[in-house]
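Convention: sequence-line order gives letters A, B, ...; per-chain numbering from 1. Hydrogens, waters and symmetry mates are skipped; everything else that's a heavy atom, side chains included, is used.
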4 protein chains.
Amino acid sequence: MNDDSELNEPSPRVTKGALTRTAIMQAAKRVIAIDGFAGMKVADVMAAVGKSPGAFYVHFKSKEALLHELLAVFQHRLRVEVNAPLRADEDPSAHLENRLRTFWRIYREDWPIATAAFQMSMADKQFARAWHNIRQQGIRGFAAVVRAAQKSGGSVGLDPELVASAVTSMIEYACYNWTAATGDFPDRFIDDETAIGVLSHLVLQALRGSEVPLNQ
Amino acid sequence: MNDDSELNEPSPRVTKGALTRTAIMQAAKRVIAIDGFAGMKVADVMAAVGKSPGAFYVHFKSKEALLHELLAVFQHRLRVEVNAPLRADEDPSAHLENRLRTFWRIYREDWPIATAAFQMSMADKQFARAWHNIRQQGIRGFAAVVRAAQKSGGSVGLDPELVASAVTSMIEYACYNWTAATGDFPDRFIDDETAIGVLSHLVLQALRGSEVPLNQ
Amino acid sequence: MNDDSELNEPSPRVTKGALTRTAIMQAAKRVIAIDGFAGMKVADVMAAVGKSPGAFYVHFKSKEALLHELLAVFQHRLRVEVNAPLRADEDPSAHLENRLRTFWRIYREDWPIATAAFQMSMADKQFARAWHNIRQQGIRGFAAVVRAAQKSGGSVGLDPELVASAVTSMIEYACYNWTAATGDFPDRFIDDETAIGVLSHLVLQALRGSEVPLNQ
Amino acid sequence: MNDDSELNEPSPRVTKGALTRTAIMQAAKRVIAIDGFAGMKVADVMAAVGKSPGAFYVHFKSKEALLHELLAVFQHRLRVEVNAPLRADEDPSAHLENRLRTFWRIYREDWPIATAAFQMSMADKQFARAWHNIRQQGIRGFAAVVRAAQKSGGSVGLDPELVASAVTSMIEYACYNWTAATGDFPDRFIDDETAIGVLSHLVLQALRGSEVPLNQ
DNA sequence: TATGAATGAGTGTTCATTCAT
DNA sequence: GATGAATGAACACTCATTCAT
């Protein structure tokens with residue numbers, strides 16, 4: 001019945017405009033990855049989408065508005081996927097690794113957005129706030145884990161906020177440096193498991209309890 | 001009288017031009033810290049120096065040339081000060097902490113240069129190479145330490161280059177996030193000892209040997 | 001049934017299209033009153049009508065064509081209503097006041113059209129001609145009255161065309177300045193009788209015969 | 001002494017930049033007279049000055065800022081020259097005519113500025129305020145004259161503000177219509193004395209005391 | 001060395017208009 | 001008749017860089 005019409009028509013929710021909109025967001029991510037946000041030209045993005053420059057403004061109010069939307073999606077993904085609460089039956093180490101794994105996966109895909117926000121946050125108050133919120137969201141989540149670790153004797157005496165900030169900094173920036181073409185290993189592909197393995201090892205070790213000296 | 005003033009003046013090699021040159025470099029760092037390198041306007045820098053825009057080109061061939069020079073100085077400092085070799089009588093932990101301390105000190109002062117290079121490395125091959133070299137220099141140094149730690153049973157099985165990349169990423173980006181006005185803690189001043197304390201703790205723990213689970 | 005609905009509908013000539021057409025013209029007038037003709041966006045007008053931008057071009061060939069049509073209606077009203085000839089039994093003063101009253105009433109309603117034409121006449125030859133014709137129509141009518149007044153000893157020696165041009169200028173521009181939101185008295189509502197009273201007094205006095213000095 | 005240097009050098013106050021600045025303002029007036037302010041292209045103005053488009057922004061922050069400056073000069077001229085107070089020994093009629101004569105002279109030269117301000121005042125709050133102030137300045141001056149005339153029995157019972165508004169409207173708009181290429185008499189040159197003669201006659205008559213009917 | 005006016009290529013954005021649906 | 005996404009020409013404005021003084 002209604003099924004028929006659904007089969008025959010494009011899904012009613014996916015209008016032509018929404019498709020273009022999504023295409024622009026994807027293309028923008030690719031262009032930002034290569035040129036940075038400041039270097040991203042609206043015309044280039046639209047050329048990548050196969051549309052005229054003016055069409056951009058049918059879907060976004062400005063270049064900045066596009067980045068704000070990309071950031072909103074990015075932040076939403078992080079909130080929903082990364083900040084899943086610790087389940088009762090979950091091993092803290094496993095929880096942390098899961099969190100880190102999700103973090104990695106999202107950043108791996110969206111680091112151009114993060115980089116763009118980082119760049120813009122230096123010169124623009126609005127982006128400074130937006131980016132700050134995103135970082136804080138991640139930091140709060142990790143800080144909770146750090147506090148839990150401290151109850152078990154880990155990282156005793158350290159400020160959980162600072163530790164969380166340092167840890168998210170490591171993951172975030174390492175993701176860029178291991179993923180981007182202009183990163184630390186341009187001639188080498190680092191697969192997800194290797195990356196997550198190294199990062200989660202480092203983080204878990206860093207948060208552990210006992211204080212065995214490095215060389216003994 | 002005039003003799004006195006001559007005696008008080010800097011050595012004959014420090015000409016008026018060289019002073020302006022240095023002043024430009026300092027001012028540029030301040031402007032980059034606020035606006036980023038892309039947002040840095042030659043005219044603003046020169047205004048901060050109290051000179052006309054045209055005077056910039058007496059001292060630097062271009063805006064990019066200025067950044068290349070800033071980077072050269074930055075890299076030189078890192079090479080000379082951070083990468084001091086491990087002395088025979090030095091405790092590896094202490095060595096690492098010293099290295100980290102120096103790293104921190106230099107970054108704390110020059111992070112605008114690092115940020116500028118990072119940003120430019122995305123769009124410009126020359127800067128990509130220059131910035132890559134600087135990162136590699138740091139990574140090589142830390143990788144050596146990691147290898148030493150592994151001989152003592154730390155971080156066994158992990159790729160020392162990746163570990164070193166992750167660690168330098170943490171320090172570098174944490175330094176930005178704890179120092180810059182648009183960083184993670186805009187309302188809080190984080191003093192050097194606190195910062196170095198947290199970072200060295202995390203790094204030392206991360207590179208240690210035993211593998212005690214987080215929660216037990 | 002269908003018969004009924006046909007009976008209830010407007011006359012067959014007033015199609016849906018004609019209604020939209022009229023609605024567009026009314027909405028345009030309102031938008032021009034706020035933004036001017038140059039600032040009038042087709043999309044805004046159509047939004048005010050509750051239709052899509054594209055629908056505009058079903059009814060008008062272009063933005064300019066719309067203004068030309070508005071002008072044609074405006075001119076027609078002026079011709080038919082203002083330029084009624086002096087009847088034999090009519091008092092010249094009363095005739096002038098009647099003319100002025102009608103003039104005022106039309107301008108009060110349609111000044112956005114006049115303003116638009118005025119603005120466009122500066123840059124566009126077509127509108128320059130159209131607007132010139134409308135002004136001339138008014139000037140000719142007033143000039144006839146001036147000539148009549150001169151036969152009675154009023155404004156002797158003055159060029160009737162210039163006098164008529166000055167008088168219509170006064171009425172036209174005063175109407176704008178007393179009516180528009182950005183006019184001379186934004187905080188005050190000037191009712192028709194007051195306005196017509198002042199204007200007709202001034203015009204009648206100005207066209208009178210005797211030359212009593214101002215201060216005696 | 002110093003005289004010598006003044007003779008040999010360009011006057012110290014008239015720098016190269018100030019000359020260009022003035023040239024731009026003059027050229028802008030000419031372009032606005034032809035195209036209107038909305039139609040005025042910065043590039044055209046600069047071409048008329050014989051400089052590159054970018055040079056405009058050395059002297060003015062924006063197109064709007066240029067108009068604001070033109071308006072400031074215009075308003076200053078009106079304030080200083082038109083609104084000279086009535087001297088004790090001056091005949092009120094002569095005073096009014098002098099006032100009108102100056103008004104005319106300034107408008108004759110600067111009507112493009114007035115027209116531009118009028119156009120912009122419809123869409124822009126800043127210009128609405130600026131233009132309103134200028135009009136009010138003129139209206140206040142004329143209103144004082146009207147009040148004086150009323151004491152001698154002229155225009156009794158009429159609101160002086162409205163009368164003044166109407167009179168300035170007449171002069172202002174008549175000046176445009178008799179001066180601009182797209183005015184009422186494109187094929188005819190109206191010299192200053194004729195114009196002033198007609199206008200002052202009309203105004204003086206309009207403000208007189210006795211109320212002789214038009215036709216008798 | 002320094003000035004500062006001038007350059008001119010480059011880009012974000014607007015909006016009247018078109019057209020497939 | 002109506003839709004609304006798309007077009008594309010146009011234009012204000014920026015800023016690194018140059019150069020006559």
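- Counting non-hydrogen atoms of other residues, nucleotides and ligands closer than 6.0 Å to CD of C/Glu64 gives a total above 12.
- C/Met40 comes within contact range of the sugar-phosphate backbone alone, with a heavy-atom separation under 4.0 Å but no base atom that close.
- Residue D/Tyr57 has a polar side-chain atom (N or O) positioned under 4.0 Å from OP1 or OP2 of F/dC13.
- Atom CZ of D/Arg21 and atom P of E/dG4 are 16 Å apart (whole Å).
- The CZ atom of D/Phe60 sits 15 Å away from the P atom of F/dT14 (whole-angstrom rounding).
- Taking atom CG on B/Leu66 and atom P on F/dC15, their separation rounds to 17 Å, with Å as the unit.
- Remark: P of E/dA6 and CD1 of D/Ile24 are 8 Å apart, rounded to the nearest angstrom.
- The side-chain heavy atoms of D/Met25 and D/Val73, taken from C-beta on, include a pair separated by under 4.5 Å.
- In this structure, the nucleotide among E/dA2, F/dA12, F/dA6 sitting nearest to the side chain of D/Lys63 is F/dA12.
- Counting heavy atoms from C-beta outward, A/Arg21 and A/Glu69 have side chains that approach closer than 4.5 Å.
- Looking at the side chain of D/Glu64, the nearest of the listed nucleotides F/dA16, F/dC13, E/dT13 is F/dC13.
- When rounded to the nearest whole Å, the span between NE2 of A/His59 and C1' of F/dT7 equals 12 Å.
- The one candidate from C/Lys61, C/Lys51, C/Met46 that meets the side chain to side chain contact (heavy atoms under 4.5 Å, CB included) condition with C/Phe56 is C/Met46.
- Remark: P of F/dA5 and CZ of C/Phe56 are 20 Å apart, rounded to the nearest angstrom.
- Computed from coordinates, the B/Lys41 NZ to F/dC15 C1' distance equals 8 Å when rounded to whole Å.
- Listed pair B/Ser52 / E/dT3 meets the phosphate criterion, a side-chain N or O lying under 4.0 Å from OP1 or OP2.
- For C/Ala55, counting side-chain heavy atoms from C-beta on, the closest listed nucleotide (F/dA2, E/dT17, E/dA6) is F/dA2.
- Nearest to the side-chain atoms of A/Lys51 among the listed nucleotides F/dA12, F/dA6, F/dT17 stands F/dA6.
- For the pair A/Met46 and B/Gly39, nearest-nucleotide mapping onto DNA chain F gives the more 5' position to A/Met46.
- Between B/Thr20 and E/dA2 there is a side-chain N or O to OP1 or OP2 distance below 4.0 Å.
- Distance, A/Lys61 NZ to E/dT13 C1': 11 Å, rounded to whole Å.
- Nucleic acid contact for D/Val58: base, since at least one base atom lies under 4.0 Å from a heavy atom of the residue.
- The partner of E/dT7, taking Watson-Crick or G-U wobble pairs whose two distances both stay under 3.5 Å, is F/dA16.
- Note: C/Phe118 and D/Phe118 have tilted aromatic rings, judged against thresholds of 30 and 60 degrees for the angle between ring planes.
- Partner assigned to F/dT21 is E/dA2, using Watson-Crick or G-U wobble distances below 3.5 angstrom.
- Considering only heavy atoms from C-beta on, A/Phe37 comes within 4.5 Å of A/Lys63 through its side chain.
- Nearer the 5' end of DNA chain E, as judged by each residue's closest nucleotide, is the contact made by B/Gly50, out of B/Gly50 and D/Gly54.
- Heavy-atom nearest nucleotides on DNA chain F were determined for B/Ser62 and for D/Ala38, and the one closer to the 5' end corresponds to D/Ala38.
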